[in-house]
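Below: one structure, written as structure tokens.
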Amino acid sequence: MDPLVGRRILVAVCGSIAAVKLPQLVSSLVQQGAQVRCVLSPRAEQFVSPLALASLSRQPCSLESHQWDPCQPRPLHIALAEWAELVVVAPLSATTLARLAHGLADTLLSSTILATQAPLLAAPAMNTAMWHGPVVQANWQTLCNWPRLLPMAPSRGLLACDSRGVGRLPDPELLVQGTRAALATGGVADLKGLRILCSAGPTWEFLDPVRCLTNPSSGRMGVAMALTASLRGAAVQLVHGPLSNVPASWLDPLDTCPVVSAAEMGAALAQHLPQVHGLVMAAAVADHSPVLTNAVKWPKDALPNPLPLRSTPDLAADLAARMRGEQWMLGFAAEHGLDRDRAREKLRRKGCDWIVLNPVGLAGRGFGNQPNGGVLLWADGREHGLASQDKAAMAGAIWSALAGTLHQFQRSGPRLGRT
């Protein structure tokens, strides 16, 4: 089940031009099964229609004028604070940030946030100079020290003031993933302090400039693993092949290294491996590459037949042989059906500590599709079922299953893999 289904989410909208993106966020959360209510700061009403938010959420939109309305049987800020399972503050303006950092309960929105015991997801948006100002940064650091608060730093791009820089509100699609992460962790950055290297996507092994050997992987699962880890506090390096069907906003918080071939991916992963705590091998590396290649397009009637092929390197096994005892590796195994024995053999041969067994060959599942599922297998024989779900939700389930063991990981036995 999607972690958003049935959850009570209060969206707190502050006075920023970025508030115009909020109807899309509210609509997305509702469509994915969440119960959503909205509360607006006095200035936010100038940027986004309360009627639009009420219509999209199917709930009344709470405004400053409602705070002490005689029709309210209880103080509205207390009722909202107790109703919410999660408060999403987006966009968080410099003014409301200052109110929260200094405990000022002089608006409905700020008093609701100060009164709630629910976890918070905070996403600032403002001009670049404002964001980098020392007072704003000090207030932001104060807020980030709150327990149960998951911060989403602003993105870089074109701002409403026509300048380019840091200060954009993350796109609604990215805010949805942040909401999932905050619900899964209770607002705790449970992967904070970890440096994680992820691979994603297919590789292309070119025969000539217009033909290549590859597979239908979109890269969505690997990017979801990297993004979710980043949202949960990890510092993530993503090495990815050519991606498809992956929202561009998912890459915004990540340090990315695009590659094409298996050789390029292996070199990039080996370069970053010494600096990280762990490696997620979610890429679908092509198994073979052409022996013969051509710098220009081969005429069809001149193509070698049969086409001579060579095996590409087993990147996971090669990297495992270089890993230290305190480093860990999570692998992925795409198999027809839930063949646990074959997946465990891959886990041992490749030197993984855990492996996700993905059943392929099922309608609507596997490569190129959004749903995924399977089983997370431990080297010691344990396993954890992963229901069929959106790949971003599945990434959250995998990290939740592993988070408690990653910070003090130490491999107990020898690691296999090529030498």
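If you're wondering where the values come from, they're calculated on a predicted model, not measured in any experiment.
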Within-4.5 Å side-chain heavy-atom neighbours: [X] and [Y]:
{"X": "Asp252", "Y": "Leu254", "answer": "no"}
{"X": "His66", "Y": "His77", "answer": "no"}
{"X": "Gln327", "Y": "Phe409", "answer": "no"}
{"X": "Leu386", "Y": "Val356", "answer": "yes"}
{"X": "Phe206", "Y": "Pro290", "answer": "no"}
{"X": "Leu108", "Y": "Trp68", "answer": "no"}
{"X": "Ile196", "Y": "Gln237", "answer": "no"}
{"X": "Ile113", "Y": "Trp146", "answer": "yes"}

Do side-chain atoms of [X] reach the backbone of [Y] as a donor and acceptor pair under 3.5 angstrom?
{"X": "Thr96", "Y": "Leu92", "value": "no"}
{"X": "Asn127", "Y": "Ala129", "value": "yes"}
{"X": "Arg8", "Y": "Trp83", "value": "yes"}
{"X": "Thr116", "Y": "Thr112", "value": "no"}
{"X": "Arg7", "Y": "Glu85", "value": "no"}
{"X": "Thr312", "Y": "Asp287", "value": "yes"}
{"X": "Ser230", "Y": "Ala226", "value": "no"}
{"X": "Ser163", "Y": "Leu159", "value": "no"}
{"X": "Glu64", "Y": "Ser41", "value": "no"}
{"X": "Arg180", "Y": "Ala392", "value": "no"}

Compute both the distance and the angle, then confirm whether Arg411 meets the cation-pi test with Trp328: under 6.0 Å from the six-membered ring centre, within 45 degrees of the axis. no

Do Leu269 and Leu279 pass the side chain to side chain contact (heavy atoms under 4.5 Å, CB included) test, and can you show the C-alpha distance, the side-chain angles, and the key distance before you say yes or no? CA-CA 9 Å; Leu269 291 171; Leu279 171 63; 4.3 Å; yes

With side chain to side chain contact (heavy atoms under 4.5 Å, CB included) as the test, would you mind laying out the steps for Leu315 and Met281 before giving the verdict? CA-CA 9 Å; Leu315 299 188; Met281 286 297 293; 4.0 Å; yes

Considering all heavy atoms of both residues, which atom of [X] and which atom of [Y] are nearest to each other, and what is their separation?
{"X": "Ile355", "Y": "Ala333", "value": "CD1-CB, 3.7 Å"}
{"X": "Gly201", "Y": "Leu243", "value": "CA-CD2, 4.2 Å"}
{"X": "Ala90", "Y": "Leu169", "value": "CB-CD1, 4.1 Å"}
{"X": "Pro50", "Y": "Leu40", "value": "CG-CD2, 4.0 Å"}
{"X": "Arg344", "Y": "Arg382", "value": "NH2-O, 3.4 Å"}

With rounding to the nearest 0.5 angstrom, report the [atom1] to [atom2] distance, [X] to [Y].
{"X": "Met329", "Y": "Trp354", "atom1": "CE", "atom2": "CH2", "answer": "10.5 Å"}
{"X": "Leu121", "Y": "Leu175", "atom1": "CG", "atom2": "CG", "answer": "7.0 Å"}
{"X": "Ile398", "Y": "Ser400", "atom1": "CD1", "atom2": "OG", "answer": "10.0 Å"}
{"X": "Met323", "Y": "Asp353", "atom1": "CE", "atom2": "CG", "answer": "6.5 Å"}
{"X": "Lys192", "Y": "Leu150", "atom1": "NZ", "atom2": "CG", "answer": "10.0 Å"}
{"X": "Thr214", "Y": "His288", "atom1": "OG1", "atom2": "NE2", "answer": "14.0 Å"}

Walk me through it: do Glu205 and Thr203 pass the test side chain to side chain donor-acceptor pair (under 3.5 Å)? CA-CA 6 Å; Glu205 312 299 327; Thr203 61; 2.9 Å; yes

Between Asp314 and Arg349 (salt bridge meaning N to carboxylate O under 4.0 Å), is one present in this structure? yes

Does [X] [atom1] have over 12 foreign heavy atoms under 6.0 Å away?
{"X": "Gln275", "atom1": "CD", "result": "yes"}
{"X": "Arg211", "atom1": "CZ", "result": "yes"}
{"X": "Arg324", "atom1": "CZ", "result": "yes"}
{"X": "Trp204", "atom1": "CH2", "result": "no"}

Ignoring hydrogens and angles, state whether a donor on the side chain of Ser28 or Gln24 is under 3.5 Å from an acceptor on the partner side chain. no

Does the side chain to side chain contact (heavy atoms under 4.5 Å, CB included) test come out yes or no for Val166 and His132, once each step is laid out? CA-CA 9 Å; Val166 177; His132 288 305; 4.3 Å; yes

Take His407 and Asp190 through the side chain to side chain donor-acceptor pair (under 3.5 Å) test and state the conclusion after the steps. CA-CA 9 Å; His407 289 277; Asp190 57 351; over 6 Å; no

Go through the steps for Leu197 and Val239 under the test side chain to side chain contact (heavy atoms under 4.5 Å, CB included), then give the verdict. CA-CA 8 Å; Leu197 178 61; Val239 177; 4.1 Å; yes

